[in-house]
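Below: one structure, written as structure tokens.
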2 protein chains.
Amino acid sequence: MTNRVRRTMPLLPISIVMQLTELTARQIRYYEEHDLISPARTEGNKRMFSLNDVDTLLEIKDYLDQGLNMAGIKKIYDLRETPENEKAEPKSLSDAELRKLLHEELKHQARPLEKGGFRQSDLSRFFN
Amino acid sequence: MTNRVRRTMPLLPISIVMQLTELTARQIRYYEEHDLISPARTEGNKRMFSLNDVDTLLEIKDYLDQGLNMAGIKKIYDLRETPENEKAEPKSLSDAELRKLLHEELKHQARPLEKGGFRQSDLSRFFN
DNA sequence: AACACATGTTAAGTTTTCTAACATTAAAAA
DNA sequence: TTTTTAATGTTAGAAAACTTAACATGTGTT
């Protein structure tokens with residue numbers, strides 16, 4: 001366990017991430033703008049992505065294909081990253097909000113899968 | 001076996017390789033000039049390194065620490081990469097040449113290991 | 001029709017990388 | 001000891017890659 005991959009190490013420039021994910025630079029930056037990823041920065045302010053970042057981007061692609069929007073995806077990550085213990089009191093996010101999210105998701109349900117896209121949101125396509 | 005890491009995929013810019021190997025850009029380019037590595041190039045001619053390249057660079061560091069020079073290291077890689085079957089007739093590399101190599105290596109034998117350097121010439125320091 | 005969301009496109013500026021030339025240092029050869 | 005050579009440092013100028021910001025476009029929603 002101690003010796004697992006350092007998947008958080010910032011290694012990849014945006015050009016490579018574009019290839020790996022088939023996303024445009026615009027898309028990647030837009031997702032960052034909406035706090036779905038937080039790539040590291042070089043001293044000169046260039047984004048550097050970890051393998052985890054790439055995984056996340058592939059997941060985002062999937063969620064978008066499934067009809068979710070930025071807010072929906074963000075919520076998912078926020079929930080996911082909330083430690084189990086303090087997961088009790090859901091802050092001030094009302095039922096209304098949650099119902100709306102759910103609604104939105106249901107509307108787009110079962111969207112067809114276009115142009116040979118991948119299912120597997122994971123770098124295992126490339127590694128190990 | 002089929003699902004092994006794509007260690008040959010060009011992913012890393014030289015700045016990251018510098019961090020990973022603690023080599024200067026000058027050194028990395030010099031080793032390329034001597035055909036010890038052959039990083040891929042972007043369309044714009046920027047070097048892009050694979051994980052294999054990084055492994056090789058760490059090995060080169062080791063060999064240099066052990067007193068080998070470019071020619072010696074090159075020979076090692078040439079031999080290593082020669083398929084087992086055609087490994088019979090050693091081209092036109094005379095005994096003289098080989099003795100010289102060996103000699104050189106022996107002279108520098110058992111050089112002390114300075115400033116907490118790594119032994120393990122391998123990215124496993126970072127991954128898996 | 002008006003709006004919002006995701007994405008495309010463009011412009012101008014900055015960082016990173018490139019090659020090439022010359023400098024330095026230490027070890028080997030003369 | 002002087003001269004070479006090997007490895008690396010340093011610098012300059014040019015090109016590529018990346019940045020932010022602004023505005024454009026397409027498509028589905030209200």
Side-chain angles (χ1 to χ4, degrees), chain A residues 10-49 53 57 60-75 100-101 103-109 111-112 114-115, chain B residues 10-19 21-49 53 57 60-75 100-101 103-109 111-112 114:
Chain A
L11 295 175
L12 315 173
I14 198 168
S15 54
I16 293 297
V17 175
M18 291 170 64
Q19 296 176 195
L20 257 31
T21 61
E22 295 180 285
L23 292 168
T24 65
R26 183 67 167 89
Q27 289 175 301
I28 296 171
R29 296 191 192 112
Y30 185 69
Y31 304 153
E32 179 187 18
E33 202 174 323
H34 287 265
D35 295 312
L36 300 184
I37 51 174
S38 300
R41 298 288 183 132
T42 66
E43 291 196 357
N45 200 37
K46 269 88 179 89
R47 272 169 266 252
M48 278 297 167
F49 299 79
D53 289 328
L57 286 170
I60 292 171
K61 268 186 89 172
D62 259 26
Y63 285 132
L64 287 174
D65 277 350
Q66 293 169 43
L68 296 228
N69 61 12
M70 296 298 108
I73 300 174
K74 182 71 193 322
K75 193 114 319 165
K100 191 170 167 191
L101 265 175
H103 178 55
E104 192 149 16
E105 184 157 2
L106 287 176
K107 271 194 300 190
H108 297 274
Q109 224 176 20
R111 184 95 73 74
E114 48 244 275
K115 48 172 183 168
Chain B
L11 295 176
L12 315 173
I14 198 169
S15 53
I16 294 296
V17 175
M18 290 170 64
Q19 295 177 196
T21 61
E22 296 181 284
L23 292 168
T24 66
R26 183 67 168 93
Q27 288 175 301
I28 296 171
R29 296 190 191 112
Y30 185 71
Y31 304 154
E32 179 186 18
E33 203 175 324
H34 286 265
D35 295 311
L36 300 184
I37 51 173
S38 299
R41 296 289 184 131
T42 66
E43 291 196 357
N45 201 36
K46 267 87 179 96
R47 273 168 267 252
M48 277 297 167
F49 299 77
D53 289 329
L57 286 170
I60 293 171
K61 270 188 87 169
D62 259 27
Y63 286 132
L64 287 174
D65 277 349
Q66 292 170 45
L68 297 229
N69 61 11
M70 296 295 110
I73 300 174
K74 182 73 192 322
K75 193 114 319 168
K100 193 172 168 192
L101 264 177
H103 178 57
E104 192 149 14
E105 183 158 3
L106 288 174
K107 270 194 302 189
H108 296 274
Q109 227 176 21
R111 184 94 73 77
E114 48 243 274

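Just so we're on the same page: letters track the sequence lines, and every chain starts at 1.
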On DNA chain D, more 5' by nearest nucleotide between Ser15(A) and Leu23(B) is Leu23(B)

Using a cut-off of less than 4.0 Å, is there contact between a side-chain N or O of Tyr30(A) and OP1 or OP2 of dT7(C)?
-> no

d(CG, Asn69(B); P, dA26(C)) in whole Å | 19 Å

Side chains of Thr24(B) and Arg29(B) in contact at under 4.5 Å (non-hydrogen atoms) | no

If you check every side-chain atom of Thr24(B), which of dC18(D), dG9(D), dA6(D) has the closest atom?
-> dG9(D)

Taken to the nearest whole Å, CD1/Ile60(A) to P/dC5(C) is 17 Å

Can you tell me how far C1' of dA16(D) sits from CZ of Arg47(B), to the nearest Å?
-> 13 Å

Between dA17(D) atom P and Ile14(B) atom CD1, what is the distance in whole Å?
-> 14 Å

Nearest-Å distance, CD (Glu22(A)) to P (dT7(C))?
-> 14 Å

Nucleotide dA6(C), atom P - distance to CG of Leu68(A) in whole Å | 10 Å

Nucleotide nearest Leu64(A) when distance is taken to its side chain, options dT8(D), dT7(C), dC18(D) | dT7(C)

Is the distance from OP1 or OP2 of dT9(C) to the nearest side-chain N or O of Arg26(A) less than 4.0 Å?
-> no

Hey, does Leu36(A) have a side-chain heavy atom less than 4.5 Å from the side chain of Tyr63(A)?
-> no

Is there side-chain contact between Pro39(B) and Glu32(B), with heavy atoms separated by less than 4.5 Å?
-> yes

Quick one: do Asp53(A) and Val17(A) satisfy side chain to side chain contact (heavy atoms under 4.5 Å, CB included)? Show the steps, please.
-> CA-CA 9 Å; Asp53(A) 289 328; Val17(A) 175; over 6 Å; no

Check whether any side-chain nitrogen or oxygen of Tyr31(B) sits under 4.0 Å from OP1 or OP2 of dT8(D), and answer yes or no.
-> yes

Let me know the distance between CD of Glu43(A) and P of dA17(D), rounded to the nearest Å.
-> 22 Å

Give Arg29(A) one of three labels, base, sugar-phosphate or nothing, depending on what nucleic acid heavy atoms sit under 4.0 Å from its own.
-> base

Just how far, in rounded Å, is P of dA6(D) from OH of Tyr63(B)?
-> 21 Å

Does any non-hydrogen side-chain atom of Lys61(A) lie less than 4.5 Å from one of Leu57(A)?
-> no

Between Thr42(A) and dT16(C), does any side-chain N or O lie under 4.0 Å from OP1 or OP2?
-> yes

